[in-house]
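Everything quoted here is computed from the prediction, not taken from an experiment. Within every chain, numbering begins at 1; the chains are lettered A, B, ... in the order of the sequence lines, protein sequences first and strands thereafter.
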Amino acid sequence: MRKRISFWRRQARNVGVSLVFVMVATGLWYTQEQGYRDQLSWMGVPTWETLTPTSVHRVLRNDGFLVGWSDLRVNPLWVSYYLHAVEDPHAGARPDFQRDWRTLWPITTDSYFGSGYDRGHLAPNYAIAAVHGRVAQSHTFRMSNITPQRPDLNRRLWQRLEEVVIDHFVPRFGTLQVIAGPVFPERYLDNALNRVGLVEVPEAFYKIIVVPAEQPLALAFLMPQNVRGNEPLDRYVVSIDEIEMRTGLDFFPNLSEDMAGRLEGQVRTQGWELEKVARLPSRF
DNA sequence: TTTAGTGT
């Protein structure tokens, strides 16, 4: 009898030791993961305003950028990255698109074949490559960073915006935080079957650009799928609040109430010299 | 220098 009691005590102690070990390991992992996330986002990673199936997501970490992945939409709901000025910006050759096994869903590199949609980058190839290097560049070609875009948007209007960000805004401000992602129709069921393979087709895309300073500046764009491509960029400027309403996401959650009101509630284009870049011609 | 599909 005595032996049995000591046996169970020993077991209990072993379980206790294991639990402590797991908790410490989890704590260390969590701390490290938070550190990575803080390096790739300003004022906290985007989160959901309310816990709904369409806004819930999990965070995938890449070299140079984070992805908020939705298993319901089978889409990145947001990507977050910093860009800073570099001496001699250049990018290597375009790598091949790659499957990302972390998505679980089988999205292959030819899932978009014959769909009429482009494999549109959210975290852009050129800017990420120029600022964060070759490995980060290859990660932008993971299918978890890709979403269906109409060719005239992807290759023209959206490309012009990406070009203005890296060629004009980054040199002017030094460092930028960028968040970009898709926008879907208000009612999930209206669009649930509108998919390229398994990937739901967005109706529009947003890009939020922040100068992370003591007195931060913010500029946000919302661009629909159906554009010609030569429209002036400033036609699509919106407030961050509007993007939050359309996406159900909460951007910069660590921002003070006061600062959030000023940064997100209104459109302020002063300081960006948009008029100089809004009508630059399309490269493609 | 910056976007891609195509059809294999």
Side-chain angles (χ1 to χ4, degrees), chain A residues 62-65 75-76 79 81-100 107-182 195-199 201-202 204-207 209 219 221-233 236 274 276-284:
Chain A
N62 299 299
D63 258 39
F65 66 103
N75 257 269
V79 302
Y81 54 93
Y82 279 101
L83 296 176
H84 51 259
V86 293
E87 194 73 11
D88 175 30
H90 67 279
R94 284 172 72 93
D96 290 333
F97 287 93
Q98 321 149 28
R99 185 158 174 192
D100 187 343
I107 309 157
T108 67
T109 50
D110 41 51
S111 291
Y112 287 47
F113 178 81
S115 68
Y117 287 94
D118 277 9
R119 295 176 287 189
H121 282 69
L122 282 181
N125 164 41
Y126 176 77
I128 293 285
V131 175
H132 297 287
R134 185 68 182 163
V135 175
Q137 176 183 25
S138 76
H139 292 180
T140 70
F141 282 80
R142 290 173 168 172
M143 293 306 287
S144 53
N145 180 48
I146 302 300
T147 183
Q149 281 186 325
R150 292 245 92 116
D152 283 339
L153 176 63
N154 183 41
R155 304 174 196 187
R156 293 164 62 79
L157 189 66
W158 191 259
Q159 194 282 332
R160 283 167 53 216
L161 177 57
E162 289 181 341
E163 187 163 329
V164 163
V165 169
I166 188 64
D167 288 351
H168 295 265
F169 294 160
V170 168
R172 180 125 53 91
F173 295 108
T175 298
L176 297 178
Q177 148 87 147
V178 184
I179 298 179
R195 294 187 183 242
V196 170
L198 295 167
V199 182
V201 178
F205 299 88
Y206 66 87
K207 191 186 283 279
I209 306 157
L219 189 65
F221 295 86
L222 182 65
M223 294 177 168
Q225 288 272 25
N226 288 309
V227 295
R228 294 184 38 168
N230 57 357
E231 296 88 346
L233 298 177
Y236 301 97
L274 262 183
K276 287 189 180 172
V277 294
R279 291 165 192 279
L280 293 176
S282 183
R283 183 184 288 269
F284 301 104

- Task: Let me know the distance between CZ of A/R119 and P of B/dG7, rounded to the nearest Å.
- Result: 13 Å
- Task: Would you kindly give the CG-to-C1' distance between A/D152 and B/dT3, to the nearest whole Å?
- Result: 11 Å
- Which nucleotide sits closest to the side chain of A/F284: B/dA4, B/dT3, B/dG5? B/dT3
- Item | Residue closer to the 5' end of DNA chain B, A/G114 versus A/D167 (nearest nucleotide) | A/D167
- Distance, rounded to the nearest Å, where A/D110 contributes CG and B/dT8 contributes P: 14 Å
- Just to confirm, is there a sub-4.0 Å distance from OP1 or OP2 of B/dT3 to any side-chain nitrogen or oxygen of A/R156? no
- Task: Would you please classify the geometry between the A/H121 ring and the A/F97 ring as parallel, tilted or perpendicular, with 30° and 60° separating the classes?
- Result: tilted
- Protein-nucleotide distance (A/I146, atom CD1; B/dT3, atom C1'), rounded to Å: 11 Å
- Message: Of the listed nucleotides (B/dT3, B/dT6, B/dA4), which one gets closest to any side-chain atom of A/F113?
- Response: B/dT6
- For atom CD of A/E163 and atom C1' of B/dT1, their distance in whole Å: 9 Å
- Message: How many whole angstroms separate atom NE2 of A/H90 from atom P of B/dT1?
- Response: 12 Å
- Task: Please report, rounded to the nearest Å, how far the P atom of B/dT6 is from the CG atom of A/D118.
- Result: 9 Å
- Task: Answer yes or no: does a side-chain N or O of A/N154 lie under 4.0 Å from OP1 or OP2 of B/dA4?
- Result: yes
- Would you verify whether the NZ or CZ of A/R150 falls within 45 degrees of the ring axis of A/Y117 while also being under 6.0 Å from that six-membered ring's centre? yes
- Between A/L122 (CG) and B/dA4 (P), how many Å, whole number? 10 Å
- Query: At their closest point, which heavy atom of A/Q98 faces which heavy atom of A/S138, and how far apart are they?
  - Reply: NE2-O, 2.7 Å
- Item | Under the side chain to side chain contact (heavy atoms under 4.5 Å, CB included) test, residues paired with A/R160 that sit two or more places apart | A/L157, A/L233, A/S282
- Counting heavy atoms from C-beta on, name the nucleotide in B/dT3, B/dA4, B/dT1 closest to the side chain of A/Y126. B/dT1
- Between A/S115 and A/A127, who's closer to the 5' end of DNA chain B by nearest nucleotide? A/A127
- Query: Partners of A/Y82 by ring pair (Phe, Tyr, Trp, His ring centres under 6.0 Å), sequence neighbours excluded?
  - Reply: none
